[in-house]
Amino acid sequence: MPKDCISYQNSGYFTPMMNDYLNQESSLQSFYNRFPTIDNFENQIKEKQQNYNSHNREILVSVLKKQYEGLSISELTRNNITTLCKENTFTITTGHQLNLFTGPLYFLYKIISTIKLTTELKKKYPDNNFVPIYWMATEDHDFEEINYFNFKGKKIKWNKESTGPVGRLSTEGLQELISVFEIEIGSGINANELKKLFESAYGNTDSLANVNRKLANELFGTYGLVIIDADDSELKSQFIPNIKEELLQNTSYKCVSETIEKLKKYPTQVNPRKINLFYIEDNLRERIVFEEGVFKINNTKTTFSQNGLLELLETNPEKFSPNVILRPLYQEVILPNLCYIGGGGEIAYWLELKSTFLAFKCTFPILLLRNSALLVSKKQKVKMEKLKLSWEQLFAKQEVLINHKVKEIAQIPIDFSAQKIALQKQFSDLHIIANQTDKSFLGAVKAQEAKQIKGLENLEKRFLKAQKKKYELELERIINIQNELFPNQSLQERHANFSEFYLESGKTLVSKLFNEFDPLDTNFTILTL
């Protein structure tokens, strides 16, 4: 499968913070533990060994075995779960929302990056074991973010209401969606495989958490992926001391607020609250707030005294849910984790959290930007070559691309820079004369110069517009190919669902991505399928 690439920094789709992180700028180095290089994992392993409660391993394995009951799993996944009992076993983790039918393409990229990194680490550190973890975001409650997926420009949506943690949501009503999807994908060997995959995951499963476990296991189980649902009383019992400190001391609020001030040259990713915890039940997930001397569950009439809330924490820790600020800490407390793999937005908010980890005396993981890819058909590649388009041009904003191609196609100068320079030189001579006369004359000279420069700029714009009209058909073909590859002028991986490409490539889609991805590479990969 032919592969091209463009660096993340040059793609134009990453923020200044992410570019600075990838460039290892000194201004950001105090906000992370170690940069993701294969050699840096040696000290990360040593630090995590000293900073992880080995008793947590037994609980972790016990919970995972319960969660996998009744699910057919590969021998490799089974061994990975068992191996987590050993003190020389560590995890590499990625997390994702419970999007319908995996949601956007980058769901696959996250997990493949995670599995591939465990393989690379095993080669480098053969005395240790490395287990890939997919952390399901089962406690999220923003159902509107996950109740659909895009298929060839159409939104396939699950019309249902949800107010509690989405992982506990019943899958009732999804059968109708299966019928809609089957009509959209048509017939054929690969279409039938997709139908089976969809029906297997969504047909006879009781909760959205179990649906996503089943689906991810179908796609990646043979690679040894271990899937965890942290909405669990036994797992949360390990997090009780941290929850207690958060309730009484507002630790994460203080730490993250200080960090945000230090990072003020970049846009704030996540603003902390005084208490970064929710109270959850099957149909409820609301913030815990402290007001007028009592703890309240926001938007309800439920209140607790301090002693009452702490007693509930000891007996029912599953009723406490960390928000985006505390979830990473919860993850690192219960897992023997070395590295978190996520997208640019995720890595950016993790960079706000190191001081919180220090306050809670928990090892901060290595942060790795997941692989990114653009999937291109052979037909699209041929079109691109005929139009003499480079990848750098296609990644550019559409207006920039069109202006560049007009100038390239026209083969006559549409840039009046030389004329502007000549005009400015003429006026510089007039400035000398004006300085020797009345100041009012100098103002008139400057005004005339500005007027004539503006005139040249307007002529330049009109000339460019005329050339665009002249080459309208060719430019339309350029726009069409860019829109195909960058739907809504955004990255394909943030919009398209894997099923579009599975229709063409079938089961080989995942294996092709595995063959091409290098988790420690900082280049945007372009793959011709």
Could you tell me whether the side chain of Tyr32 and the main chain of Tyr21 form a donor-acceptor pair under 3.5 Å?
no
For Thr525, is there any backbone N or O sitting under 3.5 Å from a side-chain donor or acceptor partner on Asn523?
no
Thr102 to Leu219 - nearest heavy-atom pair and separation
CG2-CD1, 4.0 Å
Answer yes if the side chains of Asn129 and Thr83 hold a donor-acceptor pair under 3.5 Å, and no otherwise.
no
How far apart are the C-alpha atoms of Ile275 and Phe290, what are their side-chain angles, what is the distance that settles it, and do they pass the side chain to side chain contact (heavy atoms under 4.5 Å, CB included) test?
CA-CA 8 Å; Ile275 297 174; Phe290 185 72; 4.0 Å; yes
Determine whether the side chains of Asp20 and Tyr266 contain a donor N or O and an acceptor N or O closer than 3.5 Å.
yes
Are the side chain of Arg285 and the backbone of Glu139 linked by a donor-acceptor contact shorter than 3.5 Å?
yes
Specify whether Phe304 and Tyr279 have parallel, tilted or perpendicular ring planes, treating 30° as the upper limit for parallel and 60° as the lower limit for perpendicular.
tilted
Can you confirm whether Glu87 is buried at CD, in the sense that more than 12 heavy atoms of other residues, nucleotides or ligands lie under 6.0 Å from that atom?
no
Is there a donor-acceptor contact under 3.5 Å from the side chain of Thr118 to the main chain of Ile115?
yes
Just so I know, are the side chains of Leu374 and Leu485 near enough to count as touching, which here means a heavy-atom distance under 4.5 Å?
yes
Check the orientation of Tyr8 and Phe14. Use parallel for under 30°, tilted for 30 to 60°, and perpendicular for over 60°.
tilted
Side chains of Leu491 and His495: closer than 4.5 Å at any heavy-atom pair?
no
Can you find a side-chain donor-acceptor pair between Glu516 and Asn371 that sits under 3.5 Å?
no
Does atom NZ of Lys274 have more than 12 heavy-atom neighbours, drawn from other residues, nucleotides or ligands, at distances under 6.0 Å?
no
Of all heavy-atom pairs between Leu60 and Pro336, which one has the smallest distance, and what is that distance?
CD2-CD, 3.9 Å
Looking only at heavy atoms, the pair that brings Thr77 and Gly221 closest together is OG1-O, 3.1 Å
Side-chain contact, heavy-atom cut-off 4.5 Å: Phe360 with Thr251?
yes
Within the 4.5 Å heavy-atom criterion, are Leu28 and Leu263 side-chain neighbours or not?
yes
Those residues at least two apart in sequence (or on a different chain) that pass salt bridge (charged side-chain N to carboxylate O under 4.0 Å, His left out) with Lys116 are none
If we ignore hydrogens and angles and just use 3.5 Å, is the side chain of Ser321 paired with the main-chain N or O of Phe278 as donor and acceptor?
no
Whether Tyr340 and Trp350 hold their rings parallel, tilted or perpendicular, with breakpoints at 30° and 60°
parallel
The reported gap from CG in Leu513 to CG in Leu375 (rounded to nearest 0.5 angstrom) is 6.0 Å
Please tell me whether Glu246 and Asn276 have a donor and an acceptor in their side chains that are separated by less than 3.5 angstrom.
yes
With a 4.5 Å cut-off on side-chain heavy atoms, are Leu117 and Cys339 touching?
yes
Salt bridge (charged side-chain N to carboxylate O under 4.0 Å, His left out) filter on Glu311, not counting sequence neighbours, yields none
By the salt bridge (charged side-chain N to carboxylate O under 4.0 Å, His left out) test, which pairs, at least two apart or in different chains, include something from residues 345-360?
Lys110-Glu346
Where the side chain of Gln44 meets the backbone of Phe364, is there a donor-acceptor pair that is under 3.5 Å apart?
yes
Tell me if the aromatic rings of Phe220 and Tyr134 count as close, with their centers under 6.0 Å from one another.
no
Please work out whether the ring planes of His96 and Phe107 are parallel, tilted or perpendicular, with thresholds of 30° and 60°.
tilted
Taking distance alone, no hydrogens or angles, what donor-acceptor pairs closer than 3.5 Å link side-chain atoms of residues 154-162 to residues at least two apart or in another chain?
residue: Lys160; atom: NZ; partner: Glu172; partner atom: O; Å: 3.4

Might you work through the ring-ring contact (aromatic ring centres under 6.0 Å, His included) test for Phe41 and Phe90, ending with a clear yes or no?
CA-CA 11 Å; Phe41 277 91; Phe90 301 92; over 10 Å; no
Donor-acceptor under 3.5 Å (Tyr202 side chain, Val211 main chain)
no
Ser499 versus Asn497, side-chain donor and acceptor atoms under 3.5 Å:
yes
Is Gln482 reaching over with its side chain to a backbone N or O of Ala396, donor-acceptor style, under 3.5 angstrom?
yes
Please answer whether the main-chain N or O of Gln249 pairs with a side-chain N or O of Lys254 as donor and acceptor at a distance below 3.5 Å.
yes
NZ (Lys262) with more than 12 external heavy atoms under 6.0 Å
no
Interatomic distance, CD1@Ile297 vs OG1@Thr300, rounded to 0.5 Å, equals 5.5 Å
Mind checking whether Leu368 and Ile92 have side chains closer than 4.5 Å, heavy atoms only?
no
For Asp142, the salt bridge (charged side-chain N to carboxylate O under 4.0 Å, His left out) test, sequence neighbours excluded, returns none
Any side-chain to backbone donor/acceptor pair from Gln67 onto Ile228? Under 3.5 Å, distance only.
no
Going by atom types only, do Gln238 and Asn53 share a side-chain donor-acceptor pair under 3.5 Å?
no
Using a strict cut-off of less than 4.0 Å between a Lys/Arg side-chain nitrogen and an Asp/Glu carboxylate oxygen, indicate whether Glu69 and Lys66 qualify as a salt bridge.
no
Closest approach of Glu144 to Tyr148 (non-hydrogen atoms, all atoms of both residues)
O-CE2, 3.8 Å
Is it true that Lys214 and Glu218 have a side-chain N and a carboxylate O under 4.0 angstrom from each other?
no
In this structure, are over 12 heavy atoms from other groups packed under 6.0 Å from Tyr349 atom OH?
yes
Only counting residues at least two apart or in another chain, list the ones meeting salt bridge (charged side-chain N to carboxylate O under 4.0 Å, His left out) with Glu25.
none
Measure from NZ or CZ of Lys397 to the centre of the six-membered ring of Tyr13 and say whether it is under 6.0 Å with the direction within 45° of the ring axis.
yes
Test log, rule side-chain hydrogen bond (donor to acceptor under 3.5 Å, both in side chains), inputs Glu332 and Asn337
CA-CA 6 Å; Glu332 298 302 311; Asn337 196 49; 2.8 Å; yes
Over all atoms of both residues, closest heavy-atom pair of Leu284 and Pro165
O-CD, 3.7 Å
Minimum heavy-atom distance Ser355-Val256, with the two atoms named:
OG-N, 4.4 Å
Take atom CZ in Arg494; do more than 12 heavy atoms of anything else shown fall under 6.0 Å from it?
yes
